[in-house]
K.L.:
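The structure under discussion is supplied below as structure tokens; questions concerning it will follow.
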Amino acid sequence: MKYYSLLAFLVIFSACTAPRQEPSETPTAPTFTSPTGMGAQLPHLTKGGDGSLYLSWVVETDSMATLQYAMLSDDQWSAPETVASGDNWFVNWADYPTMAADAQGNLIAHYPAKSGEGAYAYDVNVVLKPNGSSEWSAPVLAHTDGTQTEHGFVAMLPQNDGTFLLTWLDGRFTGGGDHDADGHGGGKGAMTVRTAVIDMQGNLSEEAELDDRVCDCCQTGITNSPSGLVIVYRDRSEDEIRDMYFVRNVNGAWSVPSRIAQDNWNIAGCPVNGPRIASYGESVAVAWFTAANGEPKVKLSFLEDDSFGDPIIIDESAPLGRVDIVMLDEMTAVVSWLDGGASPAIKYAKITSAGVISTPVSVTSTSESRSSGFPQMELLDGSLYFSWTVSDGEEFGIEMTKFEL
């Protein structure tokens, strides 16, 4: 099997001595069947602008990788559909394919495919399925630099005008060097964050660089609110401080990057733990993981005018991060994360903008290994849906459940 492994640093932290704020509940979750078959991995959940829930996943057979998806309607999954396949994909646990859908039923998906022999030489391949079309388009690249360097960790947002906004990590200046080499790419340039708009014909516009020096392999996030677009990512300073940053687009112009919170996490390696962002009405919230001073924490912050407010610490016992977030209303967010310790589990909690944290709920036991991937959470019609990868070390599968709120 041709399998390109992500070689980025995986930082494993020991539990700190601080006690848990509250015990976890383990309620009985309704059984919810995944539409995937054996061998499925790397799930991604998203709610489309049309109000439907979409699950996408990857299946590998011999040397071929295939991206598939299904749509949930009236609590029933549609038959799985193939989006794209290839024998040169960069299949890995952290930079996984995702998809999005707008209010008109237009669909978009992306996957990483190798562009050269370098360990991190791969491109963001985008495929499109306009509403009414029976087939997905041929792939187009989200970037136009033509370098055999790293391009990945994509976030996509429908704009409901027939276009989608993309943001991604772009290594066009790195020279294709290893992650976290001196000066990035063996003395060359740094990893950057870029953005572009793509229409349903595959045309790119509004290409822009948002930050010229960021962490190499942490996920990006994007959301929209009446006050403008917000993109979040993990920055990387000259002194190896890797805190969360954001940029906003107001009246067509991107802002100067600003720090979300001053964690001051000094780490000479990528933690492979990006932020997640969500919005509801005028409210925007970001969840993230940090281990500044060797103390792992999951945090949440709400946007207040032009900056984010004081962080709310959700878990500081033994979290491993891999967070996700949805908004219930303008004052309440739900954050999920991977809790470490003796019995790793996926957990979630409700947090208000006033800092009130509900008793954490244990969704399922899991593994802290890379093979367990990044758990997914989405909100639909008052229910929280969860999806995650299970593996016995040889075979993969995807399981799901849901909780009524």
K.L.:
Quick one: closest heavy-atom pair of Thr144 and Glu207, and the distance?
P.N.:
OG1-OE1, 3.2 Å
K.L.:
Please report the C-alpha distance between Thr364 and Phe386 in whole Å, then the side-chain angles of each, then the deciding distance to 0.1 Å, and finally whether the side chain to side chain contact (heavy atoms under 4.5 Å, CB included) criterion is met.
P.N.:
CA-CA 10 Å; Thr364 182; Phe386 292 88; over 6 Å; no
K.L.:
With the side chain counted from C-beta on, respond yes when Glu399 and Phe32 share a heavy-atom pair under 4.5 Å apart, and no when they do not.
P.N.:
no
K.L.:
For side chain to side chain contact (heavy atoms under 4.5 Å, CB included), just list the numbers for Met244 and Val286, CA-CA rounded to whole Å, side-chain angles, deciding distance to a tenth of an Å, and then say yes or no.
P.N.:
CA-CA 9 Å; Met244 298 304 177; Val286 176; 5.7 Å; no
K.L.:
Taking all atoms of both residues into account, what is the closest heavy-atom pair of Ala333 and Ala285, and its distance?
P.N.:
CB-CB, 4.5 Å
K.L.:
Please confirm whether the backbone N or O of Leu141 pairs with a side-chain atom of His143, one donor and one acceptor, at under 3.5 Å?
P.N.:
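Absent.
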K.L.:
Run Ser387 and Ile398 through side chain to side chain contact (heavy atoms under 4.5 Å, CB included) and show every step you take.
P.N.:
CA-CA 7 Å; Ser387 181; Ile398 290 175; 3.3 Å; yes
K.L.:
Is a donor on one side and an acceptor on the other found under 3.5 Å between the side chain of Arg276 and the backbone of Ala287?
P.N.:
no
K.L.:
Under the side chain to side chain contact (heavy atoms under 4.5 Å, CB included) criterion, do Val247 and Tyr245 qualify, and how do the steps go?
P.N.:
CA-CA 7 Å; Val247 294; Tyr245 272 61; over 6 Å; no
K.L.:
With the side chain counted from C-beta on, respond yes when Ile241 and Arg259 share a heavy-atom pair under 4.5 Å apart, and no when they do not.
P.N.:
yes
K.L.:
If we ignore hydrogens and angles and just use 3.5 Å, is the side chain of Ser34 paired with the main-chain N or O of Met400 as donor and acceptor?
P.N.:
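Here the side-chain-to-backbone pair does not exist.
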K.L.:
Please check if the distance between the ring centroids of Trp89 and Tyr122 is under 6.0 Å.
P.N.:
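Ring centroids of Trp89 and Tyr122 are no less than 6.0 Å from each other.
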K.L.:
Is a side-chain N or O of Arg322 found less than 3.5 angstrom from the main chain of Glu368, in a donor-acceptor match?
P.N.:
yes
K.L.:
Between Phe153 and Tyr233 (judged by ring centroids, cut-off 6.0 Å), do the two rings come close enough to count as a pair?
P.N.:
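That pair fails the under 6.0 Å test.
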K.L.:
Is it true that Ser227 and Arg248 share a donor-acceptor pair across their side chains at a distance under 3.5 Å?
P.N.:
yes
K.L.:
Looking at Lys129 and Glu81, is any side-chain nitrogen of the basic one under 4.0 Å from a carboxylate oxygen of the acidic one?
P.N.:
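Looking at Lys129 together with Glu81, the answer is yes, because their closest N to O distance falls below 4.0 Å.
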K.L.:
Under the salt bridge (Lys or Arg N to Asp or Glu O under 4.0 Å) test against Lys347, which residue among Asp339, Asp324, Asp315 passes?
P.N.:
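Option passing the salt bridge (Lys or Arg N to Asp or Glu O under 4.0 Å) with Lys347: Asp339.
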K.L.:
Quick one: which of Gln68, Gln376, Gln41 gives a side-chain hydrogen bond (donor to acceptor under 3.5 Å, both in side chains) with Trp57?
P.N.:
Gln68
K.L.:
With rounding to the nearest 0.5 Å, note down the distance linking CD in Glu117 to CD in Gln148.
P.N.:
8.0 Å
K.L.:
Can you confirm whether His110 sits close enough to Val127 that some side-chain heavy atom of one is under 4.5 Å from a side-chain heavy atom of the other?
P.N.:
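Of all side-chain heavy-atom pairs linking Val127 with His110, none is under 4.5 Å.
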K.L.:
Any salt bridge linking Asp263 with Lys297? Criterion: basic side-chain nitrogen under 4.0 Å from a carboxylate oxygen.
P.N.:
no
K.L.:
Are Leu300 and Ile325 side-chain neighbours, meaning at least one heavy-atom pair lies under 4.5 Å?
P.N.:
yes
K.L.:
Just by modelled atom types, is the Ser52 backbone N or O under 3.5 Å from a matching donor or acceptor in the Asp50 side chain?
P.N.:
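Yes, the answer is positive, given that a donor and an acceptor are paired below the 3.5 Å cut-off.
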K.L.:
Taking NZ, NE, NH1 and NH2 as the nitrogens, is one of them in Asp145 or Arg194 under 4.0 Å from a carboxylate oxygen of the other?
P.N.:
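Salt bridge flag = no for Arg194 with Asp145.
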K.L.:
Any side-chain heavy-atom pair from Val334 and Leu379 closer than 4.5 angstrom?
P.N.:
no
K.L.:
Within a radius of less than 6.0 Å around CD of Glu282, do more than 12 heavy atoms belonging to other residues, nucleotides or ligands occur?
P.N.:
yes
K.L.:
Using a 4.5 Å cut-off on heavy atoms from C-beta on, say whether the side chain of Thr195 contacts that of Leu166.
P.N.:
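Sidechains of Thr195 and Leu166: no contact.
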K.L.:
Distance-only, no hydrogens or angles: does the Ser372 side chain make a donor-acceptor pair with backbone N or O of Thr389 under 3.5 Å?
P.N.:
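Side chain of Ser372 to backbone of Thr389, a donor-acceptor pair under 3.5 Å: no, none is there.
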K.L.:
Which heavy atom of Ala101 sits nearest to which heavy atom of Pro158, and what is that distance?
P.N.:
O-CG, 3.5 Å
K.L.:
Evaluate the side-chain proximity of Trp93 to Val272: yes if any heavy-atom separation is below 4.5 Å, no if none is.
P.N.:
yes
K.L.:
For the atom pair OG (Ser353) and CE (Met327), what is the distance rounded to the nearest 0.5 Å?
P.N.:
8.0 Å
K.L.:
Check whether any side-chain N or O of Ser279 sits under 3.5 Å from a backbone N or O of Asn224 as a donor-acceptor pair, and report yes or no.
P.N.:
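Here the side-chain-to-backbone pair exists.
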K.L.:
Ring-plane angle category for Tyr69 and Trp136, please: parallel below 30°, perpendicular beyond 60°, tilted otherwise.
P.N.:
perpendicular
K.L.:
Let me confirm one number: the OH-OG1 distance from Tyr120 to Thr174, rounded to the nearest 0.5 Å.
P.N.:
11.0 Å
K.L.:
Please give me the minimum heavy-atom distance between Ser115 and Asp123, naming the atom from each residue.
P.N.:
CB-OD2, 3.4 Å
K.L.:
Sub-3.5 Å donor-acceptor pair from the side chain of Asn92 to the main-chain atoms of Phe90, do we have one?
P.N.:
yes
K.L.:
So for atom CG, which belongs to Asp392, do other residues, nucleotides or ligands contribute more than 12 heavy atoms lying within a distance under 6.0 Å?
P.N.:
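More than 12 within 6.0 Å, yes.
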K.L.:
With a 3.5 Å distance limit and no angle check, can you tell me whether Trp265 reaches the backbone of Ala291 through a side-chain donor-acceptor pair?
P.N.:
yes
K.L.:
Find the distance between OG (Ser137) and CE (Met200) and round it off to the nearest 0.5 Å.
P.N.:
7.5 Å
K.L.:
Under 3.5 Å, is there a donor-acceptor pair between the side chain of Asp243 and the main chain of Asp235?
P.N.:
no
K.L.:
Do you know which of Leu53, Leu72, Leu55 makes side-chain contact (heavy atoms from CB on, under 4.5 Å) with Glu378?
P.N.:
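With Glu378 as partner, side-chain contact (heavy atoms from CB on, under 4.5 Å) holds for just one option, Leu53.
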K.L.:
Scan side-chain atoms only and decide if Asp239 and Ser237 contain a donor-acceptor pair under the 3.5 Å cut-off.
P.N.:
no
K.L.:
If you count the non-hydrogen atoms of other residues, nucleotides and ligands that lie under 6.0 Å from CG in Asp305, is the total more than 12?
P.N.:
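Open: at most 12 neighbouring heavy atoms sit under 6.0 Å from CG of Asp305.
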K.L.:
For the residue pair Phe374 and Gln219, establish whether any side-chain heavy-atom pair is separated by less than 4.5 Å.
P.N.:
yes
